[in-house]
Participant: 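There's a structure below that I have some questions on.
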Number of protein chains: 2
Amino acid sequence: MNPTTLNALAEPNRLLIIELLREGPLSVGEIAERLHLRQPQASKHLKFLSEAGLVEVRAEANRRIYRLRPEPLMEMDEWLESFRGMWEERFDRLSDYLLYLKKTGSSLKPKEEFK
Amino acid sequence: MNPTTLNALAEPNRLLIIELLREGPLSVGEIAERLHLRQPQASKHLKFLSEAGLVEVRAEANRRIYRLRPEPLMEMDEWLESFRGMWEERFDRLSDYLLYLKKTGSSLKPKEEFK
DNA sequence: CCGGAATATTCTTGTCAAGGAATATTTTGA
DNA sequence: TCAAAATATTCCTTGACAAGAATATTCCGG
């Protein structure tokens, strides 16, 4: 997994940009407007995202249209793959947990133990 | 998606810690040793990861054993879910791409267009 | 209850990057 | 060719945080 990708996504406004672009390519001005950013900050974040490989640009007349690149997200997906065993394992114990809740009427987690 | 999780994982050593803990819980000393970190830095990173909810601790004798918490990773997984359509769509065009390679003998990407 | 092992905290220093404001650059249409 | 729209860049200040070194704390076994 590439820390550069994570770093780029760790900034809240950049994360919002990525989520916005999920719906389709947009110009800088549109991105700035929809996220209530000033244009220079939008440009700066887009440059950052671009250098991280998360977006790509194309020029169209006066505008610059930014679009998502799926590759880094695919890499994240593959990285997470190696962890999926963990929560499937825990899911096996879910029925026990539900039973516990039913018995106690509690909505609090039981103190978890592990070894 | 929570930026806190991404921020915690964006630091290379912390990412390594998470990958190491994938194999099972470890003490601070073991983590420091296996990643060639000094003990104080290991402790600091673990504190950071702990506050981000990525790990949990338990005391055992003299040691503190850290263990992965799957929840934030599950959240990442669900977040990525909303992007999976993207690369599946692109996958549909793979056969065209392979055909292109065969025709041209080129190993270079054709210039991609999008609108 | 004391010494030492394991771990945590504090302090300092350097780097990175975010936001604001101002300005430069690019590009198009008239 | 020029003005204006769209975008990029620069400069500044500020805050976060990583690493190193030193020190504090915790806790077990003897």
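Heavy-atom basis, side chains included; hydrogens, waters and symmetry copies ignored. Because the structure is predicted, anything quoted here is derived from the model rather than measured. Order of the sequence lines fixes the chain letters, A, B, ..., with proteins taken first and strands second; residue numbering starts at 1 for each chain.
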Participant: For B:Leu37 and D:dC17, what is the distance between atoms CG and C1' respectively, to the nearest whole Å?
Facilitator: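 The distance from CG of B:Leu37 to C1' of D:dC17 comes to 16 Å, rounded to the nearest Å.
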
Participant: Is B:Val28 reachable from B:Phe48 through a run of hydrophobic residues whose side-chain heavy atoms are each under 4.5 Å from the next?
Facilitator: no

Participant: A:Glu19: what forms a side chain to side chain donor-acceptor pair (under 3.5 Å) with it, not counting sequence neighbours?
Facilitator: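 Partners of A:Glu19 under the side chain to side chain donor-acceptor pair (under 3.5 Å) test: B:Trp79.
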
Participant: Among A:Val55, A:Leu46, A:Leu9, A:Leu49, find the one that has a side chain to side chain contact (heavy atoms under 4.5 Å, CB included) with A:Arg14.
Facilitator: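 Only one option passes, and that is A:Leu49.
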
Participant: Provide, to the nearest angstrom, the distance between the CG atom belonging to A:Leu26 and the C1' atom belonging to D:dA6.
Facilitator: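 Roughly 15 Å, once rounded to whole Å.
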
Participant: After noting the C-alpha distance and the side-chain angles of A:Met1 and A:Met76, does the key distance pass the side chain to side chain contact (heavy atoms under 4.5 Å, CB included) rule?
Facilitator: CA-CA 6 Å; A:Met1 184 57 208; A:Met76 274 184 66; 3.1 Å; yes

Participant: Can you check whether B:Arg63 has a side-chain N or O nearer than 4.0 Å to OP1 or OP2 of C:dA5?
Facilitator: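 Negative; the distance criterion is not met.
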
Participant: Between protein and nucleic acid, restricted to nucleotides 12-16 of chain D and to nitrogen or oxygen atoms under 3.5 Å apart, what atom pairs and distances do you find?
Facilitator:
none

Participant: State, with a plain yes or no, whether a side-chain heavy atom of B:Phe83 is found less than 4.5 Å away from one of A:Ile18.
Facilitator: yes

Participant: So, A:Ser82 versus B:Arg22: side-chain donor-acceptor pair below 3.5 Å or not?
Facilitator: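 Short answer, yes.
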
Participant: Using atom CD of B:Glu11 as one end and atom P of C:dC16 as the other, report the distance to the nearest whole Å.
Facilitator: 14 Å

Participant: Is there a donor-acceptor contact under 3.5 Å from the side chain of A:Glu60 to the main chain of A:Arg63?
Facilitator: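 A pair under 3.5 Å: no.
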
Participant: A quick test of your reading: do over 12 heavy atoms of other residues, nucleotides or ligands sit less than 6.0 Å from CD of B:Glu75?
Facilitator: yes

Participant: Of all the heavy-atom pairs spanning A:Leu20 and A:Ile31, show the shortest one and how long it is.
Facilitator: CD2-CA, 4.2 Å

Participant: Below 3.5 Å between N/O atoms, which protein atoms pair up with nucleotides 24-28 of chain D? Just atom names and distances, please.
Facilitator:
none

Participant: To the nearest Å, give me how far apart CD1 (B:Ile65) and C1' (C:dA6) are.
Facilitator: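 Between C1' of C:dA6 and CD1 of B:Ile65: 11 Å.
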
Participant: Looking at residues 39-49 of chain A, who's got a heavy atom less than 4.0 Å off DNA chain C?
Facilitator: A:Pro40, A:Gln41, A:Lys44, A:His45, A:Phe48

Participant: Work out which heavy atom in A:Pro72 is nearest to a heavy atom in A:Ala52; give both atom names and the distance.
Facilitator: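 Shortest heavy-atom separation between A:Pro72 and A:Ala52 comes out as CG-O, 4.4 Å.
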
Participant: For the residue pair B:Ser27 and B:Ile65, what are the closest heavy atoms and their distance?
Facilitator: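 Closest heavy-atom pair between B:Ser27 and B:Ile65: CB-CD1, 3.9 Å.
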
Participant: Any residue in residues 13-20 of chain B with a heavy atom nearer than 4.0 angstrom to DNA chain D? Just list them by number, or reply none.
Facilitator: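 Heavy-atom contacts with DNA chain D come from B:Asn13, B:Arg14.
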
Participant: Between B:Arg38 (CZ) and D:dT23 (P), how many Å, whole number?
Facilitator: 16 Å

Participant: Would you say the side chain of B:Trp87 lies within less than 4.5 Å of the side chain of A:Asp77, judging by non-hydrogen atoms?
Facilitator: yes

Participant: Under the rule for side chain to side chain contact (heavy atoms under 4.5 Å, CB included), what residues qualify as partners of B:Glu51, not counting sequence neighbours?
Facilitator: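 By the side chain to side chain contact (heavy atoms under 4.5 Å, CB included) rule, B:Glu51 matches B:Lys47.
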
